[in-house]
Colleague: 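Sharing a structure here in structure tokens format.
Computed from a predicted structure; not experimentally measured. Numbers restart at 1 for each chain; the letters A, B, ... are given by sequence-line order, proteins then strands. All heavy atoms count here, side chains included; hydrogens, waters and symmetry mates do not.
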Amino acid sequence: MDDPATPGPVRVRFAPAPTGSLHVGSARTALFNWLFARHHGGVFVLRIEDTDAARSRPEWIEGIQESLRWLGLDWDEGPYLQGERLDRYAAAAERLLASGRAYECFCTPEEVQARNEAARDAHRTPGYDGRCRDLTPARREVLAAEGRPRSLRFRTPDHGTSRFTDLVRGEVAVEWSTVADFVIRRSDGSPVFFLANAVDDSEMGITHVIRGEDLLDSTHRVLALRDALGDGPPPRYAHLPLMVGSDRAKLSKRHGAVALEDFRAGGYLPEAMLNYLALQGWAPDDDREVMAAGEIAAAFDLDRVTHSAAAFDHAKLEWMNGEWIRRLPPDDLLARLEPRARERYGDGVDAELLRDVVRIGQERASTLAALVEQADFLFEPDEAFEVAADSWSRLASTERASEVLDAVAGHLAGCEWTAEGVDLRPVLAELGVKPRKALPAVYAAVEGRHAGLPLFDSIVLLGRDRTLGRLADARARLET
RNA sequence: GCCCCCAUCGUCUAGCGGCCCAGGACGCCGCCCUUUCAAGGCGGUAACGGGGAUUCGAAUUCCCCUGGGGGCACCA
């Protein structure tokens with residue numbers, strides 16, 4: 001996107017508050033910034049907005065970075081911590097106070113909140129009522145002498161219109177008369193988002209601000225602040241459509257996993273996650289869907305960002321993940337499975353056996369977690385083996401179940417121990433039962449579930465003794 | 001209550017005045033393949049919220065309505 005108004009290299013930033021793990025919505029925002037930077041050969045800055053001491057936690061700073069790294073979103077500068085730049089915000093606040101663009105406010109948060117609620121109850125518009133806006137110096141002294149807390153509030157313009165051109169939405173305008181004065185420095189002296197954000201975007205030379213639509217309205221306030229600060233031409237803004245749940249409400253825990261970490265733990269590949277997230281609010285100009293990060297970056301353009309909220313579709317993500325699993329070189333898949341297998345079965349995991357699982361299971365897997373679970377019957381000690389309840393009822397209700405198990409055991413006791421040798425179809429044919437009817441019972445007895453890894457390969461991997469043992473157990477249980 | 005944004009299949013989306021009685025993908029349904037379940041192949045179901053206006057012509061432009069979402073913190 002060539003933009004004469006902002007010459008020079010593109011500089012974008014991702015600026016999360018360290019108040020929790022990285023949400024998929026935030027990850028999508030980070031991704032779009034990264035894509036934009038990479039597409040233009042620009043700079044991607046990571047900035048931590050930790051000005052809210054009450055909610056920010058240092059451990060989240062690391063957690064967020066880890067999630068970004070996992071996704072593959074490498075940043076070129078930072079992380080800058082706003083907590084380490086307080087002097088700059090303090091200086092800016094003083095300038096605003098000196099120029100009269102901001103004023104000291106002696107209202108407590110509780111008082112402001114109470115008045116807002118009263119306004120709401122009376123169906124009046126909430127927002128700071130301007131009580132301290134034009135205090136006389138004498139009055140200010142009295143209030144200060146009372147020991148009342150003193151915050152700094154920005155005086156928004158009394159009239160006129162604020163407008164800016166959003167790169168995805170076009171011109172956005174709002175009447176200043178509808179925008180209340182807002183706090184830029186807390187009574188404890190710490191800066192509030194608007195101030196720190198305006199100062200940093202300016203000082204860091206940010207050329208494009210790409211963020212969620214929930215920040216659309218706040219842009220006018222930040223723009224006014226910059227203007228009051230005499231900051232020069234502002235960055236271009238691009239507000240991304242929100243990501244919502246299946247009910248179109250803001251994406252939250254009750255819609256299932258929302259933290260990037262949850263998806264990682266659930267066995268989703270970062271390639272799939274990135275690919276899926278890129279398609280939430282953006283699409284290439286052709287029909288490609290399964291795309292690698294570099295491919296997406298090459299095709300990425302803010303012009304093609306959607307305007308309306310996107311509902312998170314777990315089913316499509318799962319499909320996408322399967323696509324990526326199937327594309328992985330087997331050794332790569334194995335490497336990703338190993339830590340997961342060790343965590344589940346202990347350090348003694350048989351690497352060769354796991355390699356076999358990859359061989360027979362890669363093409364059918366949807367997540368790493370599901371693939372490992374399908375191999376439970378191989379890795380768990382025999383004492384821990386048990387047939388899932390629903391699979392057992394499937395087995396028990398199978399026609400001529402006892403005969404089937406007997407015949408299968410009979411065959412496996414003497415056959416050659418290869419995938420061809422353990423092929424059960426001839427046995428079932430002799431019995432006169434269809435594989436479709438009888439096999440789920442064998443699956444249940446041997447794998448503990450009626451659906452899973454390919455049966456004959458599984459039997460070969462399990463070994464003759466263990467297989468026969470499980471068939472015998474199932475047979476015995478059938479008698480009781 | 002006030003302000004802002006948005007509106008194509010169930011979902012993600014293509015479409016930027018005629019190529020569209022609307023294309024792709026996920027899901028769903030059916031068939032094929034088959035070692036259950038998957039995966040794979042083939043086919044099918046399914047949408048321009050409503051009303052005006054502009055135009056020879058509107059999913060595409062404008063207005064109104066309706067609907068959805070966001071914001072209105074000493075959160076970001």
Colleague: When you check the phosphate oxygens OP1 and OP2 of B:G71, does a side-chain N or O of A:Lys250 lie under 4.0 Å from one of them?
Modeller: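 Answer is yes, contact under 4.0 Å.
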
Colleague: Check this for me: does any side-chain nitrogen of one of A:Glu111 and A:Arg148 sit under 4.0 Å from a carboxylate oxygen of the other?
Modeller: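 Looking at A:Glu111 and A:Arg148, the cut-off is met.
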
Colleague: Between B:G69, B:G24, B:G15, which nucleotide gets closest to the side-chain atoms of A:Asp287?
Modeller: B:G24

Colleague: Nearest-Å distance, CG (A:Leu215) to C1' (B:C75)?
Modeller: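 The answer, rounded to whole Å, is 11 Å.
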
Colleague: Mind checking the C1' distance from B:A58 to B:G1? Whole angstroms is fine.
Modeller: 37 Å

Colleague: Pick the P atom in B:A22 and in B:A59, then give their distance to the nearest Å.
Modeller: 11 Å

Colleague: Around atom CD of A:Glu203, are there more than 12 heavy atoms from other residues, nucleotides or ligands closer than 6.0 Å?
Modeller: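 Above 12, so yes.
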
Colleague: Side chain of A:Glu289, heavy atoms from C-beta onward: which of B:A39, B:C12, B:G24 has the nearest atom to it?
Modeller: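 The listed nucleotide nearest to A:Glu289's side chain is B:G24.
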
Colleague: Distance check: side-chain N/O of A:Thr306 vs OP1/OP2 of B:C12, anything under 4.0 Å?
Modeller: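 No, outside the criterion.
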
Colleague: Say you pick atom C1' in B:U45 and the same atom in B:C9; how far apart are they, in whole Å?
Modeller: 10 Å

Colleague: Look at all strands and tell whether A:Thr51 reaches a base, only sugar-phosphate, or nothing, counting heavy atoms closer than 4.0 Å.
Modeller: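 Sugar-phosphate contact only - A:Thr51 comes under 4.0 Å of backbone atoms but never of a base.
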
Colleague: Counting heavy atoms from C-beta on, name the nucleotide in B:G40, B:A39, B:U11 closest to the side chain of A:Glu363.
Modeller: B:A39

Colleague: Is the distance from OP1 or OP2 of B:A76 to the nearest side-chain N or O of A:Arg186 less than 4.0 Å?
Modeller: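 The answer is yes; a side-chain N or O of A:Arg186 sits under 4.0 Å from OP1 or OP2.
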
Colleague: Looking only at side-chain N and O atoms, does A:Arg186 offer a donor or acceptor that is under 3.5 Å from a partner on A:Thr51?
Modeller: no

Colleague: Work out how far the P atom of B:A47 is from that of B:G23, and round it to whole angstrom.
Modeller: 11 Å

Colleague: Please assess A:Trp282 against A:Phe32 for the test ring-ring contact (aromatic ring centres under 6.0 Å, His included), listing each intermediate value before the final yes or no.
Modeller: CA-CA 9 Å; A:Trp282 175 85; A:Phe32 278 37; 7.5 Å; no

Colleague: For nucleotides B:C48 and B:C56, find the distance between their P atoms and express it as a whole number of Å.
Modeller: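 It comes out at 27 Å once rounded to the nearest Å.
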
Colleague: Do you see a donor-acceptor pair shorter than 3.5 Å between the side chains of A:Arg169 and A:His239?
Modeller: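 No, A:His239 and A:Arg169 have no side-chain donor paired with an acceptor closer than 3.5 Å.
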
Colleague: Identify which nucleotide among B:G68, B:C5, B:G71 has an atom closest to any side-chain atom of A:Glu213, counting heavy atoms from C-beta outward.
Modeller: B:C5

Colleague: Please confirm whether the shortest side-chain N or O distance from A:Asn116 to OP1 or OP2 of B:C72 is below 4.0 Å.
Modeller: no

Colleague: Compare the minimum distances between each of B:A76, B:C4, B:A38 and the side chain of A:Arg364, then state the nucleotide with the smallest one.
Modeller: B:A38

Colleague: Considering every strand and a 4.0 Å limit on heavy-atom distances, what is the contact class for A:Phe194: base, sugar-phosphate, or nothing?
Modeller: base

Colleague: A:Tyr103 and side-chain contact (heavy atoms from CB on, under 4.5 Å): which partner among A:Leu135, A:Leu152, A:Asp181?
Modeller: A:Asp181

Colleague: On a whole-Å scale, what distance lies between the C1' atoms belonging to B:C63 and B:U55?
Modeller: 16 Å

Colleague: Heavy atoms under 4.0 Å, any strand shown: does A:Gly212 hit a base, just sugar-phosphate, or nothing?
Modeller: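 The residue A:Gly212 makes no contact with any strand.
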
Colleague: Is A:Arg449 salt-bridged to A:Glu447, going by a charged N under 4.0 Å from an acidic O?
Modeller: no

Colleague: Between B:C21 and B:C6, how many Å separate the two C1' atoms, rounded to a whole number?
Modeller: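 These two C1' atoms come out 28 Å apart once rounded.
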
Colleague: Within the structure shown, what part of the strands sits under 4.0 Å from A:Ala249 by heavy-atom distance: base, sugar-phosphate, or nothing?
Modeller: nothing

Colleague: Using whole Å, what does the distance between atom P of nucleotide B:G1 and atom CZ of A:Arg115 come to?
Modeller: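 These atoms are roughly 23 Å apart.
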
Colleague: The side chain of A:Ser308 lies closest to which of these nucleotides: B:C74, B:U8, B:G1?
Modeller: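 Within the option list, the nearest is B:U8.
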
Colleague: Could you check whether the side chain of A:Thr125 and the base of B:C72 have a donor-acceptor pair of N or O atoms closer than 3.5 Å, going by distance alone?
Modeller: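 Flag unset: no donor-acceptor pair detected.
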
Colleague: Roughly how many Å is it from CH2 in A:Trp282 to P in B:G24, rounded to a whole number?
Modeller: 19 Å

Colleague: Look through every strand shown and name the nucleotide pairing with B:C72 as Watson-Crick or G-U wobble, where both distances are under 3.5 Å.
Modeller: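 Its partner is B:G1.
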
Colleague: Which is true for A:Cys107 with a 4.0 Å heavy-atom rule: it touches a base, it touches only sugar-phosphate, or it touches nothing?
Modeller: base

Colleague: How is A:Ala180 classified with respect to the nucleic acid when contacts are heavy atoms under 4.0 Å: base, sugar-phosphate, or nothing?
Modeller: nothing

Colleague: Could you check which of B:G68, B:C4, B:C75 has an atom nearest any side-chain atom of A:Arg248?
Modeller: B:G68

Colleague: Distance check, P atoms only: B:C26 and B:G41, in whole angstrom units.
Modeller: 9 Å

Colleague: Closest approach to the side chain of A:Val172, judged atom by atom: which nucleotide of B:C74, B:A76, B:C5 is it?
Modeller: B:C5

Colleague: Is the base of B:G71 touched by the side chain of A:Asp214 through a donor-acceptor pair closer than 3.5 angstrom?
Modeller: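 Answer is no: no donor-acceptor pair is held.
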
Colleague: Could you work out which one of B:U36, B:C74, B:G1 sits closest to the side chain of A:Ser187?
Modeller: B:C74

Colleague: Give one of base, sugar-phosphate or nothing for A:Asp457, where a contact means two heavy atoms less than 4.0 Å apart.
Modeller: base

Colleague: Which part of the nucleic acid, if any, lies within contact of A:Arg153, taking any heavy atom under 4.0 Å across all strands shown: a base, the sugar-phosphate backbone alone, or nothing?
Modeller: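 Result for A:Arg153 = sugar-phosphate.
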
Colleague: What's A:Glu117 touching, base or sugar-phosphate or nothing? Going by heavy atoms closer than 4.0 Å.
Modeller: nothing

Colleague: Under 4.0 Å between a Lys/Arg side-chain N and an Asp/Glu carboxylate O for A:Glu318 and A:Lys316?
Modeller: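 Salt bridge absent between A:Glu318 and A:Lys316.
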
Colleague: Once you apply a heavy-atom cut-off of 4.0 Å, does A:Gly452 come out as touching a base, just sugar-phosphate, or nothing?
Modeller: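 Answer is base: heavy atoms of A:Gly452 come under 4.0 Å of a base.
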
Colleague: Using a strict 4.0 Å threshold on nitrogen-to-oxygen distance, state whether A:Arg470 and A:Asp473 make a salt bridge.
Modeller: no

Colleague: Which base sits across from B:C21 as a Watson-Crick or G-U pair, both distances under 3.5 Å?
Modeller: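 Across all strands, not a single nucleotide pairs with B:C21.
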
Colleague: What contact category does A:Ile325 fall into here, base, sugar-phosphate, or nothing, at under 4.0 angstrom with non-hydrogen atoms?
Modeller: nothing

Colleague: Quickly work out the A:Lys316 NZ to B:C26 C1' distance and round it to whole Å.
Modeller: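 After rounding, the reported distance stands at 5 Å.
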
Colleague: Within the pair A:Arg304 and B:G15, is there a side-chain N or O less than 4.0 Å away from OP1 or OP2?
Modeller: yes

Colleague: Can you tell me the Watson-Crick or wobble partner of B:G67, both distances under 3.5 angstrom?
Modeller: B:C6

Colleague: Taking the minimum atom-to-atom distance to the side chain of A:Ala310, which one of B:G24, B:U13, B:G69 wins?
Modeller: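 The closest nucleotide is B:U13.
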
Colleague: Does the pair A:Arg304/A:Asp301 count as a salt bridge with the N-to-O cut at 4.0 Å?
Modeller: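 Result for this pair is no, no salt bridge flagged.
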
Colleague: Just call it for A:Arg120: base, sugar-phosphate, or nothing, with non-hydrogen atoms closer than 4.0 Å on any strand.
Modeller: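 A:Arg120: base contact, heavy atoms under 4.0 Å.
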
Colleague: Does any nucleotide pair with B:A38 by Watson-Crick or G-U wobble geometry, both distances under 3.5 Å, and what is it?
Modeller: none

Colleague: Would you say A:Arg326 reaches B:G40's phosphate, i.e. side-chain N/O to OP1/OP2 under 4.0 Å?
Modeller: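 True: A:Arg326 side-chain N/O within range (under 4.0 Å) of B:G40 OP1/OP2.
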
Colleague: Between P on B:G71 and CZ on A:Phe182, what's the gap in Å once rounded to a whole number?
Modeller: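 So the CZ-P distance, A:Phe182 to B:G71, works out to 17 Å.
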
